[in-house]
Structures are given as structure tokens and as C-alpha cells.
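Notes to accompany the following structure.
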Amino acid sequence: MVLDVLARVATEGAHASVALDRALPTLPRPEDRSFATDVVYGTLRWAPAIDAALGARLRDPDALPARVRAALRAGTYERGVRGTPAHAAVHAWVEAIKRGRGPEAALAGLVNAVLRRVDLDDAERRGGAAAAVALPPALWRHLSAALGPEDAAASARAMLAPAPLWLTVLGDGAVAALEAEGAEVRPGPLPTSKSVRPRRPLAELSAFRDGLVQPQNPSSAAIVGALGDVHDRTVLDVGSGHGVKAAQLAAAGARVIAVEVDARRSEAGRRNLDRLGFEVRHVVADATEPLDGLPLVDAALLDAPCTGTGTLRGHPEIKQRWNDGDVRVAAARQGAMLRRVAERVRPGGRLVYAVCALGREEGEDVVVDFLAGAPDWRAVEVVLALPTRTAEVGARILPSVDGLDGFYVAALERAGVASDPDAAAHS
Ligand SMILES: C[S@@+](CC[C@H](N)C(=O)[O-])C[C@H]1O[C@@H](n2cnc3c(N)ncnc32)[C@H](O)[C@@H]1O
């Protein structure tokens, strides 16, 4: 099962979480499910280092069938990172390949020979600084340019560790309800963020079903704070997705208009907000186009689509797909969205731009470019409840601290005051 999931991620561009969620029910024992989860995510997190180490033993790994390549990667992860004794790790993956179809089974001998000799310590010797922190070379250069080599390395290393399940508490009695069902609940870096080890899948817990909690990384939860006090304000949440930040805004007393281009996601957002008990107006619209149908608002949050380089811990498959071309496409879309969203914010209003990517191109470059063409806007200090590193404009949350995702955030204010703030707020 692990090999099929890894092969699907490699050849079909599947998301690890989606492919794994689909396959896990085929394993009846919880310990097998947690082993498979660790091996899939761990192998993907370590893949660039593993591939460098395998390069010392194989002439052309790319030419191998996807499942064979997956067995070599998973076996190297088990031996080199999990510390499974060589005979056990090698045997299991060789047997899996022997049971494979067609030409695959004939490669069991090669898998055996390579896994007996592979040594993760070869990674740095062959792949240098990038392989030492398990990043592809181009992504290593990209992150080093934005963060400097020291912070880039610390961030990349931190994102090799699994993340806890982070829950944002949105309703009273959430912790008691979680604990009543056997979950271990630890405080997180924000009063509303908890690190949780449930005994059962989250969707089965009453705290989740009753809308008291929402899975969310504390960094993502902290972003909303950059808007300041939103009580009784009308706030656009652009790129609203599943409504996670819309829920926080509504919980803080804002009237929220959630704008999302993908109609299915918007519907999923509506269902999620219903579960959480918040009333939000949903609009399906492309925010790279004029948003003329929307009112002028007091504040806007643009949680823009991005390449996700701050979330490699939870989405390690990004390492294999990331490329400069995608960064350019993302930055162009982010710039277009920022200009359109800014048009809907009233004079004196605030706009927060955020991405869960760490490179300059999707961060300060987008904001500096916007400010150059928008004389009535200025950047203001980003104040968050988590430690940040100041950027040329805006700030970053680095993922080098336990379990946090990385984000870039900028807070912008439009000059002037609304002629009638109440009218603007309620229009
Ligand atoms: C980073 S996710 C936002 C997650 C969401 N804010 C949350 O906290 O649940 C970015 C979202 O932007 C949406 N998006 C992408 N392009 C867009 C566009 N042109 N207009 C509006 N939304 C867009 C994506 O479908 C995705 O749901």
C-alpha cells in the first residue's frame, strides 16, 4: 500500500494526504496505519537527501518503475531515519517488490543489493548543502536567497519533523469535550491553538462534529491578528477556501464576505462554517478580475494561493514539484489579486496580504510592486501573537520553531477616512 501511494504521488501528481486517506482504510490495524503514514510522509520529506544517497549506488534511478523507486526510497528512509535494523528494513521492501507484477518482480535483487549498501550519510557528500537539509538544489537556493543560508537550513531541517495535530478552539468546552473522548490536549503558542493527540479520527470526535474546533496550524491562525480589531467591521476574506480564517473573523465579531474562485471549495467552505455555527456571505468570484459587485469594506484578508514552501512539513510532495516557473505564475496571480482586493477597501481601511510561501518573489516583491503603483496605500507594522522576522516590507513566521508553518504577511493601510464609516461598513 505504501508503495502504491508513493508511486501515485510521484507519477500522477497526487497529494500525499489525499492518496493516503484513500488507502489507509485498507489497513485494519491502527499500528499499521500509523506506520504507513510515517513512512509515506517521512520518505517524501527526506526524498531529496535519499535520492542523493541512492545516486551513489545506482546509475539511473529515474529509469526504474515507480514502485521500485518507491521501495528504494522507503527502505532508505526506514534504515537511515527510522533506524530500523538493515535486515528487517531490506527484507520487507524486497518482499513487496517480489510480489509485484511483471518486470517489477525481476528487480527484487537490485532492491536488495542497493538497500543493503545505501547510506544516508552519502547525501551531503554527493548533494552538498541542499541534500544535507533534504531540499532540491533550486528550492534550497530560493529559500537561502530569501532567508539567508542559516535560517533557510534551520527552517528546512525543522520541516523534516512531523507536525502535531493543531486545533483552533472556536467554541466553549472544546478542551473538556476532547479530553472526555480520551484525547491528550497540550497548550499551543496561541491561547486558541492546541496540540492534540486524539484516540480516534478527528471527524469522529464530538468536539469536531459539534463545531467547537477546527484543524489549523497556529501560524495560519495568527495571520488574522494582523487585521487588528475586526469587531463589528465588514471584512472580505479573499481566497476563503474551506473558510478556516473566515471562521476566526466571524468569531471575532466581523461581518464576513468570503470570496472564492472555486465553486466546490466555496460550497465546502459553506458546509464547514455551518458546522462551526458561523453565518458568512459566500461569493464565488475570480479575484484577479474587478470585484465590482462587492461593497467597499473596512478590511480585507487576502490569503493568496501560493507555492506552499512554508508547509513542506505537511505537504512534503511540494519538494518534488516546486519550480521557478510556478513561482512566477503564482506571483503574477498574487499581484493581480492584491490590486483587485485593494480596490474594495475603503479609505482608512486595512488589507492583510499573506502567503504560506517563504520566497521573496511571492512575498515582499509582490507587495513592493503593488505599493509602487498605489500611492494611497502604505505598509504598516505587522503585529502578530507569534515571533516574526521582519522583511523589507512585512514579516515572516519561520517554520524553524516546533510544528509551525512558515508564512509571509504584510499589513497595508489605505490613506484617508471613510466619509461615513457606518455607511461603508453596512453597504
Ligand atoms: C491559501 S488558500 C486559502 C485558505 C483559506 N483562506 C483558509 O484559511 O481556509 C487560497 C485559496 O484561494 C483560492 N483562489 C485561487 N485563485 C483565486 C482567485 N483568482 N480568486 C479567488 N480565489 C482564488 C483557492 O481556490 C484557495 O482556496
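Note that the coordinates shown come from a computational prediction; the quantities given were computed from them, not determined experimentally. Atoms within a ligand are numbered from 1 in the order they appear, just like the ligands themselves. For the single chain, residues carry numbers from 1 onward in sequence order. Worth knowing before you read on, the calculation uses all heavy atoms, side chains too, and leaves out hydrogens, waters and symmetry mates.
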Using the salt bridge (charged side-chain N to carboxylate O under 4.0 Å, His left out) criterion, which residues pair with Arg344? Sequence neighbours excluded. none
Close N/O pairs between ligand 1 and protein, under 3.5 Å:
residue	atom	partner	partner atom	Å
ligand 1	6 (N)	Gly239	O	2.8
ligand 1	6 (N)	Asp303	OD2	2.7
ligand 1	8 (O)	Lys245	N	3.4
ligand 1	8 (O)	Lys245	NZ	3.2
ligand 1	9 (O)	Val244	N	3.2
ligand 1	19 (N)	Asp286	OD1	2.8
ligand 1	20 (N)	Ala287	N	2.9
ligand 1	22 (N)	Val261	N	3.3
ligand 1	25 (O)	Glu260	OE2	2.6
ligand 1	25 (O)	Arg265	NH1	3.1
ligand 1	27 (O)	Glu260	OE1	2.7
ligand 1	27 (O)	Arg265	NH1	2.9

So, Arg209 side chain and Glu204 main chain: donor-acceptor pair closer than 3.5 Å or not? yes
Between Arg125 and Asp122, does at least one N-O distance fall below 4.0 Å, as a salt bridge requires? yes
Thinking salt bridges, do Glu343 and Arg340 make one under a 4.0 Å N-O criterion? yes
Does either side chain, that of Thr307 or that of Glu362, offer a donor lying less than 3.5 Å from an acceptor on the other one? yes
What orientation do His15 and His315 show, parallel under 30°, tilted 30 to 60°, or perpendicular over 60°? perpendicular
